[in-house]
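The structure appears below as structure tokens.
So that the names make sense, note that chain A is the first sequence line, chain B the second, and so on, each numbered from 1. Being a predicted model, the structure only gives us computed values, none of them experimental.
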Amino acid sequence: MSGFDWNVILNNRGLLLQGLAVSFQLTLVAIAGGMALGTVLAMCRLSRFRPLAIAAGSYVNFLRSLPLILVIFWFYILTPQIVGHPIDAYSSVLIAFTLFEAAYYCEIIRAGIASVKAGQVNAGLALGFGQFHVMRYVVLPQAFRNMLPVLLTQAIIMFQDTSIVYVVGVRDFLTAADVVANSNNRPVELYSVVAVTFLVICFTASRLVGRLQRKYAL
Amino acid sequence: MIEVTGVSKWYQQFQVLKDCSLTIKSGEVIVICGPSGSGKSTLIKCMNGLEPFQQGEIKVGDVSVGAKGTDLPKLRSRIGMVFQNFELFPHMTVRKNITLPQVKILGRSKDESDARTIKLLERMGLPSQADKFPAQLSGGQQQRVAIARALAMDPVAMLFDEPTSALDPEMINEVLDVMVALAQDGMTMAVVTHEMGFARRVANRVVFMDQGSIVEDAPKEAFFGTPRSERAQLFLSKILQH
Amino acid sequence: MIEVTGVSKWYQQFQVLKDCSLTIKSGEVIVICGPSGSGKSTLIKCMNGLEPFQQGEIKVGDVSVGAKGTDLPKLRSRIGMVFQNFELFPHMTVRKNITLPQVKILGRSKDESDARTIKLLERMGLPSQADKFPAQLSGGQQQRVAIARALAMDPVAMLFDEPTSALDPEMINEVLDVMVALAQDGMTMAVVTHEMGFARRVANRVVFMDQGSIVEDAPKEAFFGTPRSERAQLFLSKILQH
Amino acid sequence: QTGGALEKIVQSKTFSIAYREESVPFSFIDSSGKPQGYAIDICLKIADAIKEEYKLDKLDIKYVPVTPQTRIPLIANGTAQVECSSTTITTGRMKQVEFLAPTFITGTKLLVRKGSGITKIEDLEGKTLLALGGTTNEKAAEAEIAKRKLNVKLVKVKDHPQALLNLEQGRADAYTSNDVVLYGIATMAKDPSQYEVVGPFYSYDPFSIMIPKNDSDFRAIGLRTMSRMFESGEMEKLYKKWFEPGPTNINLVMSQELKNAFKLFSFAD
Amino acid sequence: MNYSWDWGLLFRSPHIGWIAQGFVTTIEMAVLAWCIAMTLGSLIGTLRTLDNPIAKRIGTLYVEIFRNVPLLAQLFLWYYVIPELLPASAQKFVKRDMADPQFWTSVVGLGCYTAARVAEQVRSGIQSIPRGQRSAALAMGFSTAQVYRYVLLPIGFRTVIPSLTNDFLGVFKNSSLALTLGVMELTAAARQIEEYTFHSFEPFAAATVLYSCVTLLVISLMRVVERRTRIAGNVGTAR
Ligand SMILES: Nc1ncnc2c1ncn2[C@@H]1O[C@H](COP(=O)(O)OP(=O)(O)OP(=O)(O)O)[C@@H](O)[C@H]1O
Ligand SMILES: Nc1ncnc2c1ncn2[C@@H]1O[C@H](COP(=O)(O)OP(=O)(O)OP(=O)(O)O)[C@@H](O)[C@H]1O
Ligand SMILES: [Mg+2]
Ligand SMILES: [Mg+2]
């Protein structure tokens, strides 16, 4: 190994930063999409209408049994053929992430609701609140607080998972670094930078989540 | 006031309540006791419809609890209930805990509710705790807030499910004192408790349950004097020995 | 037997024990009581080195607990300890709970340990429960198993930290009876408890703690007769009222 | 499927070119990230022809990056209308896509380290060979290995640079690809003189431009444009620009086979 | 959509062989990586529950590093970067002499990554045990090692079996990332068939079915294990 070459990083910082931006963007869109769809799925799973609950449950369990990479391939190669018109890699990855993460968010939201003790529901009912109001004033606020750290942790995991889009060539941070590494023959520098950058971002984020958790612990 | 007639309840095969009958007249205080798992909590929860039952009838005033068309939320708002674990809403301040139900359920104005809240907290001996969160209070204080929350709905009767059994010995008294005062003010009360001192002081009748049945239902004096069932005698001797 | 001299302990800034001194002679039974948070558990845990302390000295026999070179596991194996929540090992049967420490710590043979286990269970009135798991027993039975487990190590003294306060009222007695028998057999015991009936029956001395200090340390008769400190009087009145 | 490729180009006034990032000098990105290369230049000519023929006021060029794995689906599903790189014509691929005239003729060879003593595939017995997944070269090498019952470990890589990286780090002994590609890759090495291209041709690969199936008008305009370029000598000029020697250190004189192919595809109007 | 289905191609040689081989490779990687993860993870997780601040620090450092870098980046580090930092002889070994370097690099990468997760489970399992259990065991005269051996680890592991199952399934699914290093595991096999036949639905469907089936199988298996190892009564409520 011939010394650590900082220049290759500095010279290509534009490309790398763009990649990082793509990673963030993917994360944000997938969180929004995944949360929205995940909430709907959670409501379906908790619904008293059995077929709906079963359908949602099967969806969640099925997706959770697959590797993300396979789901990405499915949507990357197959959706265009199914829908009959072209879809670029970035959009197909967004769809894959949203549908995939929704399954995970669904479980988090469901667990959050289940974490509120039955006694609290009883207390709400005993005061004279209706079912809906018990949900609205008693269960959901506590559920949300309970699951907030897990939701955020999942977001951090997802941020890391965005690196998997490498396999379909979407220019996220890792892919950008890979391109630079290959064209400059500097894998050691570039892959190290990727690792350290992720480490710093994710570590900081998880510390913040930890602090938040302590602050809002009930 | 509350009339329980021949109520039975099953969890799947297991029968928790066996043909229970009980009447609580207006202004009366009854104490329900009995060994663990005998169905005391279940019985009391049936009274405001928190637990459904399969046989028998329960009437509160002239509303039948088990009937199909009954407006349960409305019924429940007229009966206060206090739980073993307080069950204050942990994400609201004490004030909010007491005010919110008044506003949302009774439709009282904010100001009126707030005034009532403050008055009740004073009555409970907690004037300065309104803006704390439940977790910042001691168990005894939390339970008094829970009582205040129930009273804020102006209930016609109060149900207590072992209100002191989660408390440290020192705090039991501050809660019992409040309950004694309440009883002396003429509140109709059904209290599940092992605090026989409390029963001696204010109960009109003591009900003893075992394995889902009401085994004894006697005026306090009779109960402590000569409980008729062997089971109750054994229970009392154990409770009172130390 | 156990000699506590001028022990102080801090959690960061907070002083939990303030210059506590106490002597327990061989064969003596002392009861420690006091309000919640007064440091009773901490003091008793210091005696077998479960909690470190910063000042003072504790001697068990002629071993100094706080000293650097002390073989704590060995010391602890000679002092039995019983906890409020029993702390039986939930993944082992009752038999295993009692036998394993004998084999692993004392190096007894399997057979010998087993024989001892059976004998102790009989003494505790639990001959047929050996192959159940702790969670399948009632609280009172679990606590008696815990006592058997401690006795299996042939301890020279026993420490009890509120052994009955997690028990249903009905079960308190079965545990106290065992403890009374133990005291009458001449075991050296330090017992944190609020069961004043027990104290009255077998204690040699009663120690009253408040805010980390030992406020009273008096023979039982003197304590129940005229406790000197105001705090102890208040405490006693609260404990005994109901 | 909505309309033909040509109809879509004319309607949207956009021409989507699928390009590769590392297929030097056919299709690659320069340091500013702009796609260029021999095949790209040809495709741009086709774009000009369309613009002229349909009298469009403008025709935007949209570049779609592809990899060997994605190029066929992306052309098949219409994400891009032409794939301009170094794709070999095969009948298997014709089930999904169509091809225009040949642009280059090459064949499968091996890139090895100088002095390794490897000159043909048999020398790889017990060694590691890299191949790009999904290429004709991989299949050719696989067939050759099977035919000779060799014990060669075939490891798949994602792209040419990854292959070079594996070679440079000493993780493999050879990389199989088209000879021209191999010459191109060797120039990207830290020390190009360390590498050589060896072996007989294990397959014979005419390159061409891929287009979607079932659009005869589009195919016609593509073939017509190329035919004109062959005839006018424009194609030879382009070849010289990129290969004799190109801007990328390649120096490859036009082979007789390619000259013949150009002649064969110069049709009369 | 004009797609010509050909499910038969899955069962034709050599495709069926690729799938079978890919499936076996996936399972092998998952199992081997899991062994690493369990051993290392239990150790690290235990370190984090000790009272010794240095041990704690080491455990925390490991977990934070391996949890906060994407797995794919870790695989690249293991494959392209770490060997470059080794002395020449060791380099030669990991790159060439070692049998199947891609496979083993992936196994180690997956194992170390998953170990961080296992460590967290083990830690939370041990910490979920009421503090009194530790005190009780110490009060009996057990040494710290014995307390872990006989009390904390057996209880801790039982309580986290469901989460450990999830982690195993995680490593099973994550093994698909090894395709980026050129390992022919299940997903890579599906891709290869696609590349050779230009049929994408069939091979990916086959891979999907296989992944799902293994997941289902593991879940039902672990239910049985859970029932077997469940502490009679209930751990959580043994107070
Ligand atoms: N949801 C349930 N499903 C099945 N059985 C139940 C359920 N809830 C309670 N039980 C059983 O019903 C019986 C009566 O329970 P209940 O809580 O009313 O007893 P209790 O007298 O209040 O006892 P405690 O003094 O312990 O509070 C118990 O045997 C209990 O195990
Ligand atoms: N690990 C700890 N860190 C900080 N403070 C502690 C810790 N453990 C105990 N304390 C504090 O030390 C004081 C004494 O605790 P201790 O458990 O000895 O009291 P106690 O007399 O046994 O009370 P109780 O009757 O509730 O068991 C309490 O104020 C408690 O909050
Ligand atoms: Mg109850
Ligand atoms: Mg204590």
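If you measure heavy-atom distances from Leu179(E) to chain A, the contacts under 4.5 Å come from the side chain alone. No part of Gln74(E) comes within reach of chain A, as not one of its non-hydrogen atoms sits under 4.5 angstrom from that chain. When heavy atoms are compared at a cutoff of 4.5 Å, Ala190(E) does not approach chain A at all. When heavy atoms are compared at a cutoff of 4.5 Å, Leu174(A) approaches chain E solely by way of its side chain, counted from C-beta outward. Contact annotation for Tyr166(A): only side-chain heavy atoms (C-beta onward) come within less than 4.5 Å of a heavy atom of chain E. Proximity to chain E (any heavy atom under 4.5 Å) is restricted, for Ser206(A), to the side chain, taken from C-beta onward. Leu169(E) does not touch chain A: none of its heavy atoms, backbone or side chain, sits under 4.5 Å away.
For chain E, the option among Ala181(A), Cys202(A), Ala177(A) with the highest count of heavy-atom pairs below 4.5 Å is Cys202(A). Contact count against chain A (heavy-atom pairs under 4.5 Å) is highest for Lys173(E) among Arg67(E), Arg191(E), Lys173(E), Glu194(E). With chain A as partner, the option from Thr208(E), Leu71(E), Val214(E) having the largest number of non-hydrogen pairs under 4.5 angstrom is Thr208(E). For the set Leu70(A), Val167(A), Asn61(A), the entry with the most heavy-atom pairs within less than 4.5 Å of chain E is Leu70(A). With chain E as the partner, the residue from Val194(A), Ile164(A), Thr162(A), Ile156(A) showing the most heavy-atom pairs under 4.5 Å is Ile164(A). Heavy-atom pairs under 4.5 Å with chain A peak, among Gly170(E), Ala205(E), Ser175(E), at Ala205(E).
Using a 4.0 Å cut-off between charged side-chain N and carboxylate O, Arg117(E) and Glu120(E) make no salt bridge. Salt bridge status for Arg223(E) with Glu226(E): absent, with no side-chain N to carboxylate O gap under 4.0 Å. A salt bridge is defined here as a Lys NZ or Arg NE, NH1 or NH2 lying under 4.0 Å from an Asp or Glu carboxylate O, and Arg207(A) with Glu64(E) meets this definition.
With ring centers used as reference points, Phe75(A) lies 6.0 Å or more from Phe97(A). Aromatic ring centres of Phe173(A) and Phe24(A): separated by at least 6.0 Å. Between Tyr113(E) and Phe66(E), the ring center distance fails the sub-6.0 Å criterion.
Between Val108(E) and Thr105(E), the closest side-chain pair of non-hydrogen atoms is not below 4.5 Å.
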TODO: Check the pair Leu186(E) / Leu210(E) against side chain to side chain contact (heavy atoms under 4.5 Å, CB included), numbers first and verdict last.
DONE: CA-CA 9 Å; Leu186(E) 184 54; Leu210(E) 284 174; 3.8 Å; yes
TODO: Applying salt bridge (charged side-chain N to carboxylate O under 4.0 Å, His left out), run through Glu84(E) and Lys95(E) and close with a yes or a no.
DONE: CA-CA 10 Å; Glu84(E) 299 299 307; Lys95(E) 287 177 181 176; 2.7 Å; yes
